[in-house]
Structure formats: structure tokens, C-alpha cells
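Numbering of ligands and ligand atoms starts at 1, following listing order. It should be emphasised that the depicted structure is a prediction, and the values quoted were computed from it without experimental measurement.
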Amino acid sequence: MSDDTNLSLRQRKFAVFGNPIKQSRSPFIHAEFAKQTGLSLQYRAIRVELDNFERAVMDFFKAGGSGLNVTVPFKEQAYQLASRHSARAVRAKACNTLRPEADGVYGDNTDGIGLIRDMIANHGWSLRGVRVLLLGAGGAARGVMEPLLRENPSALVVANRTVAKAETLAKEFADLGQVVGKALTDLASELPFDVIINATSAGLKGETPDLPGSLLGDRCCCYDMVYGAEPTAFMRWAAENAAWAVSDGLGMLVEQAAESFYVWHRERPDTASVINHLRGSLAAA
Ligand code: ATR
């Protein structure tokens with residue numbers, strides 16, 4: 001047997017399942033983390049047919065796979081499939097991280113902590129005692145509700161195009177802090193906010209909710225959970241309205257990956273160098 005074959009047999013196998021998956025940066029991120037920590041692993045991006053998620057997961061683990069990330073549109077299915085969940089996955093009702101166990105599959109969700117680490121540790125923003133506006137009430141918003149509220153903002157307003165979804169989400173998390181649901185069209189009378197987070201998918205169509213600039217308080221920090229080579233429509237809106245700081249979601253992507261890496265390997269990789277590298281390759285693209 002060649003040295004290469006020996007190496008690939010020893011390597012633990014990981015992957016991210018999604019559809020589409022072509023643009024995934026996760027193989028690069030996990031390869032960088034592995035280099036840093038000296039672990040030998042294989043991490044692939046795999047496109048899974050929309051009706052074949054459960055079977056694909058089970059086959060991957062049966063074949064000796066050690067862990068999976070799960071992305072759009074399978075996170076809720078991953079939650080259903082898991083037989084044991086972390087507390088944060090239960091709150092999110094979605095999983096982006098899976099690990100096989102003796103008698104089933106363990107499901108976790110690292111998206112929320114990824115956002116919080118990027119805002120607080122990487123950007124130096126604070127959520128404690130400040131007013132936070134979360135735009136959107138879909139899966140992406142749900143996934144960050146618990147970690148946001150655990151930072152004890154003075155108020156969290158969830159605003160959505162479909163108001164009923166914002167109200168439902170607010171009720172569901174009311175045990176964790178001061179949170180209300182509102183319609184996007186009903187924000188004009190709100191006091192200004194210190195932090196505004198975009199968790200809508202409007203940006204995928206190059207759009208951003210039409211909101212009054214008066215929502216931005218002095219030194220308002222604006223965060224878009226998506227990223228790209230160019231500033232998103234939401235980021236441009238924030239800059240035009242004199243936001244103090246504006247960020248896309250590239251750091252959140254790397255931080256959620258680092259937390260998944262920790263769930264699997266109990267090692268904490270350095271994220272800053274990986275964020276910088278990805279930022280450079282986005283700019284060069
Ligand atoms: P995700 O998993 O990305 O959160 P989702 O669960 O489909 O995807 O949720 C998409 C979110 O973006 C929802 O809050 C949606 O609002 P509705 O609940 O009213 O559909 C919001 N959204 C999508 N396009 C939007 C747009 N053009 N303007 C405002 N909100 C939009």
C-alpha cells in the first residue's frame with residue numbers, strides 16, 4: 001500500500017451537505033484549521049439531492065464519516081434526524097453540525113455563537129444593555145435569537161415582512177429577555193437602535209428592506225449575516241445612513257466553522273488568519 005493510501009485510511013472524514021454547495025468555503029476553512037492544529041482529516045463539500053438528505057447522512061456515517069456540517073436547505077431536516085441535541089440546537093430547531101454516536105446522531109447548532117463571536121470578539125461590539133433590531137424571522141433569525149438574548153440587550157425587536165412570524169418568534173424566546181415582534185412597516189416610531197442585524201434573505205435578490213434611516217442611533221453597528229465580494233444592499237443602506245460600523249457575515253461563517261471544529265475535535269483554531277485569507281481571496285475574485 002502506498003504512503004498516500006495509508007494516509008487517506010488514517011484520515012477522519014468530514015463533509016458539508018447542502019444544495020447548492022459549489023460555492024462552499026467550508027472545505028478550505030476546515031483544511032486551514034486542520035493545518036493549524038496538526039490534525040489529519042479530509043473535508044469535502046457534497047451536493048445532496050433534495051429528497052435524499054436522510055439517507056445520505058446515514059450512508060456517510062455508516063461508511064465511517066466522523067462529522068457533518070449541514071447547510072441550506074437541510075438544517076431543519078438535520079434537526080429532525082438527530083436523536084440527541086445540544087440545548088442551543090433545540091432552541092434553533094435546526095442543526096448545522098452532526099456527529100455519529102453509538103446509538104444515533106448528535107445534532108448541534110453553531111451559527112448563533114458564530115455571529116456573537118464575530119460581533120463581540122472580532123469587531124469589539126457590545127450587545128449588553130443596548131437596543132438590538134433583528135430583521136427577519138426565518139431560520140437564520142431563529143438560529144441567533146438565544147445567543148443574542150443571552151448577551152442581555154436592553155431590548156430586542158424582531159421585525160419581519162410577515163408580522164405573525166416575528167410575533168411567534170418573540171413569544172417563543174420571551175423567557176430569555178425583553179423581546180417583541182413587529183412588522184417591518186411598523187418601525188418608524190421605534191427609538192433608535194445600537195445594533196441592527198439583517199437575517200432576511202432579501203439580499204439574495206440584491207434587495208434590502210425599505211427602512212427609515214432614523215432607526216440608526218449614534219454609533220450604530222450594522223451586521224449582515226451574508227457576505228460577498230461587494231457590500232450587500234443592506235450594508236450600503238447602513239453606510240448611507242451613517243452607521244458607525246458595518247460588517248458582512250464572513251466572520252460569522254468562519255466562527256461557526258471553528259465552533260463545529262471544536263465540537264468534533266475539542267481544539268480551538270485561530271480564526272483571524274482564516275478570515276483574512278478569505279477576505280483577500282474575495283477581493284481578488
Ligand atoms: P433563512 O433560512 O435564510 O432564514 P427563510 O426561513 O426562508 O430563510 O426566511 C427568510 C426571511 O427573509 C424571512 O424572514 C422573510 O420574510 P417573510 O417571513 O415575510 O417571508 C425574509 N425576506 C425574504 N425576502 C425579503 C424581502 N424582499 N424583504 C423583506 N424580507 C424578506
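The ligand atoms of ligand 1 that sit less than 4.0 angstrom from a heavy atom of Gly139 are 1 (P), 2 (O), 4 (O), 6 (O). Here is the list of ligand 1 atoms found below 4.0 Å of a heavy atom in Ala202: 23 (C), 24 (N), 25 (C), 26 (C), 27 (N), 28 (N). Ligand-side atoms of ligand 1 in range of Gly136: 14 (O), range being under 4.0 angstrom from any heavy atom.
Of the inter-residue distances, the one linking Cys95 atom SG with Leu81 atom CG reads 9.0 Å to the nearest 0.5 angstrom. One finds the CG atom of Leu253 at 9.0 Å from the OG1 atom of Thr71 (value rounded to the nearest 0.5 Å).
Using a 4.0 Å cut-off between heavy atoms, Glu207 contacts ligand 1 through its side chain alone, with no backbone atom that close. The part of Leu184 lying near ligand 1 is the side chain, judged by heavy-atom distances below 4.0 Å.
Nearest-residue assignment for atom 18 (O) of ligand 1 (options Lys165, Lys75, Arg142, Glu76; heavy-atom criterion): Lys165. Counting only non-hydrogen atoms, the option in Asn160, Thr200, Val158, Leu204 that gets closest to atom 15 (C) of ligand 1 is Asn160. Between Ala140, Pro73, Gly143, Gly138, it is Ala140 that holds the heavy atom closest to atom 2 (O) of ligand 1.
Residues passing the side chain to side chain donor-acceptor pair (under 3.5 Å) test with Lys165, sequence neighbours excluded: none.
The shortest separation from a heavy atom of Val72 to ligand 1 is not under 4.0 Å, leaving the residue out of contact.
Ranking protein heavy atoms by distance to atom 17 (P) of ligand 1, first place goes to Thr162 OG1, 3.4 Å. Nearest protein heavy-atom neighbour of atom 7 (O) of ligand 1: Ser201 OG, 4.9 Å. Looking from atom 24 (N) of ligand 1 to the surrounding protein, the closest heavy atom is Arg161 NH1, 3.6 Å.
Of all heavy-atom pairs between Asp118 and Tyr223, the closest is OD2-OH, 2.7 Å.
By the 6.0 Å contact criterion, CG on Asp218 is open, its count of non-hydrogen atoms from other residues, nucleotides or ligands being 12 or less.
Here Phe28 and His277 bring their ring centres to under 6.0 angstrom of each other.
Using a 4.0 Å cut-off between charged nitrogen and carboxylate oxygen, Arg150 and Glu146 count as a salt-bridge pair. Ion pairing of Arg268 with Glu259 is present here, as a side-chain N (NZ or NE/NH1/NH2) and a carboxylate O approach within less than 4.0 Å.
Between Pro209 and ligand 1, no pair of N/O atoms sits closer than 3.5 Å.
Taking 4.5 Å as the limit, some side-chain heavy atom of Ile113 sits within range of a side-chain heavy atom of Arg88.
Protein heavy atoms are found less than 4.0 angstrom from atom 12 (O) of ligand 1.
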